[in-house]
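Working notes, beginning with the structure itself.
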Amino acid sequence: MKRLQDRVAIVSGAGSVAPGWGNGRATAVRFAEEGAKVFAVDRDGARLSETLALIAKAGGTAEPHICDVTDGKAVAHMVEACLHAFERVDVLVNNVGGSASGGPVEMSEEVWDAQVDFNLKSVFLACKHVLPVMERQGGGAVVNIASTSGLRWTGSAQVAYAATKAGVIQLSRVVAVQYAAKGIRVNCVVPGQLHTPMVAARLATQRAGGDVEALLKSRLERIPLGFAGDGRDTANAVLFLASDEARFITGTELVVDGGMTARCN
């Protein structure tokens with residue numbers, strides 16, 4: 001028996017900014033490999049196409065859906081569409097997010113607000129509309145993707161990203177306790193400095209003047225294991241927390257960072 005056989009999973013951010021294993025794409029494909037029916041969500045249909053092809057290659061089942069998960073009405077429609085397609089929601093993976101550089105002086109108010117919406121409000125809205133469905137069903141699992149930036153300094157000033165990812169962690173803890181008696185588990189995966197497509201597509205410009213190799217080198221120096229993981233490492237952690245193997249785990253964080261947060265410096 002596969003670990004998520006016949007379960008329905010909403011995975012937001014299931015596309016990828018570039019070819020390769022982003023967290024959302026890897027999670028969607030890994031879930032499909034383990035028997036889940038994947039409701040793959042992204043705001044960009046082109047980004048979903050490769051994910052859907054990989055799921056089909058794995059012999060899995062997926063339904064694409066275009067959605068801006070910072071829009072409450074759009075999120076409500078997303079959940080309704082999933083129910084129409086698959087009749088239930090067993091797993092919710094809130095994966096949407098991204099960083100912007102700067103501290104409170106350098107960052108504009110508009111960028112701050114956009115970061116709050118993108119990284120934190122998106123999680124709130126998805127939980128708002130999915131939790132009642134899971135409650136009616138008698139249970140479910142929510143896995144929110146946070147970041148080690150929500151736990152510690154990770155090499156650059158990104159105040160809004162750090163604050164919102166810390167918010168995702170605490171939101172998850174509160175909701176986990178609130179819904180535990182209803183059979184709904186809520187946990188976080190906390191990825192560290194992985195080598196995902198976003199590194200080259202976005203982060204190198206933000207932090208290294210476009211020099212991808214320089215950014216990768218600086219990130220690698222912080223990882224005690226000595227190599228960079230990728231979205232598949234995040235996906236395996238998400239899979240564990242979504243599965244029955246984690247039936248007694250709720251309100252906690254699984255850090256996937258090669259030992260980086262365990263270091264004192």
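Along the sequence shown, the residues carry numbers beginning at 1.
- Atom CD of Glu34 is separated from atom CG of Asn236 by 9.0 Å, given to the nearest 0.5 angstrom.
- The hydrophobic side chain of Val105 is isolated, with no ILVMFWY side chain under 4.5 Å apart from it.
- Within the 4.5 Å cutoff, no side-chain heavy atoms of Asn95 are placed close to those of Thr27.
- Partners of Asp42 under the side-chain contact (heavy atoms from CB on, under 4.5 Å) rule, at least two apart in sequence or in another chain, are Asp44, Arg47, Leu48.
- In this structure, Leu254 and Leu241 have side chains that are in contact, with non-hydrogen atoms separated by less than 4.5 Å.
- Here the CD atom belonging to Glu50 is positioned 10.5 Å from the NZ atom belonging to Lys57, to the nearest 0.5 angstrom.
- Taking CD of Glu80 as the start and NE2 of His84 as the end, the distance is 11.0 Å to the nearest 0.5 Å.
- Counting only distance, with no hydrogens or angles, the side chain of Arg185 and the backbone of Ala246 share a donor-acceptor pair below 3.5 Å.
- Between the CD1 atom of Ile223 and the OG1 atom of Thr261 there is a distance of 11.0 Å, given to the nearest 0.5 Å.
- Note on Val111 and Val116: same hydrophobic cluster, where clusters join Ile, Leu, Val, Met, Phe, Trp and Tyr whose side-chain heavy atoms are under 4.5 Å apart, directly or indirectly.
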Check against side-chain contact (heavy atoms from CB on, under 4.5 Å), Met260 and Thr154: CA-CA 9 Å; Met260 185 183 71; Thr154 55; 3.9 Å; yes
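- Under the 4.5 Å side-chain criterion, counting only non-hydrogen atoms from C-beta, Asn187 is not in contact with Phe240.
- Closest non-hydrogen pair, Leu92 versus Cys127, comes out as CD2-N, 4.1 Å.
- Closest approach of Phe118 to Ser122, counting heavy atoms only: O-OG, 2.6 Å.
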As a quick check of understanding, evaluate side-chain contact (heavy atoms from CB on, under 4.5 Å) for Leu151 and Val190, giving each step before the final call. CA-CA 9 Å; Leu151 300 175; Val190 185; 3.8 Å; yes
List the steps, then state whether side-chain contact (heavy atoms from CB on, under 4.5 Å) holds for Val238 with Ile145. CA-CA 8 Å; Val238 176; Ile145 308 302; 3.6 Å; yes
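- Remark: Thr252 OG1 to Ile169 CD1 distance equals 10.0 Å, nearest 0.5 Å.
- Scanning both residues, Met107 and Ser101, for their nearest heavy atoms gives CE-O, 3.6 Å.
- Across every non-hydrogen atom of Ala18 and Arg25, the tightest pair is O-NH1, 3.8 Å.
- Partner of Ser149 under the side chain to side chain donor-acceptor pair (under 3.5 Å) criterion, chosen from Gln158, Gln193, Lys165: Gln158.
- Grouping the Ile, Leu, Val, Met, Phe, Trp and Tyr side chains by contacts below 4.5 angstrom, directly or via other members, places Val189 apart from Phe124.
- The neighbour count for Lys182 NZ, taken as heavy atoms of other residues, nucleotides or ligands under 6.0 Å away, is above 12.
- Between Phe31 and Ala9, the shortest heavy-atom contact is CD2-CB, 3.5 Å.
- In this structure, Leu4 CG and Asp244 CG are separated by 8.5 Å, a value rounded to the nearest 0.5 Å.
- Asp257 and Thr148 share no donor-acceptor pair across their side chains, judged by distance under 3.5 Å alone.
- Two different hydrophobic clusters hold Ile55 and Ile10 under the rule that ILVMFWY side chains link at heavy-atom gaps under 4.5 Å.
- The local environment of CD in Glu109 is sparse, with at most 12 non-hydrogen atoms from other residues, nucleotides or ligands closer than 6.0 Å.
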Using the side-chain contact (heavy atoms from CB on, under 4.5 Å) rule, take Asn23 and Leu194 through it: C-alpha gap first, then chi angles, then the decisive distance, then the call. CA-CA 9 Å; Asn23 293 330; Leu194 305 178; 3.8 Å; yes
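- Looking at heavy atoms from C-beta onward, Asp6 lies in side-chain contact with Lys37 at the 4.5 angstrom threshold.
- Leu125 and Val130 end up in the same hydrophobic cluster when Ile, Leu, Val, Met, Phe, Trp and Tyr side chains are linked at under 4.5 Å.
- Using a 4.5 Å heavy-atom cutoff, the side chains of His77 and Cys67 are not in contact.
- No more than 12 heavy atoms of other residues, nucleotides or ligands sit less than 6.0 Å from atom CD of Glu87.
- Between His129 and Met78, every side-chain heavy-atom pair lies at or beyond the 4.5 Å cut-off.
- Residues Ala100 and Gln115 approach most closely at N-OE1, 3.3 Å, considering heavy atoms.
- Val93 and Val89 end up in different hydrophobic clusters when Ile, Leu, Val, Met, Phe, Trp and Tyr side chains are linked at under 4.5 Å.
- Side-chain contact between Arg173 and Val177 is absent, with no heavy-atom pair separated by less than 4.5 Å.
- Counting only heavy atoms from C-beta outward, the side chains of Val29 and Trp21 approach each other to under 4.5 Å.
- In this structure, Phe39 and Phe86 have perpendicular ring planes: the angle between them is above 60°, well past the 30° mark.
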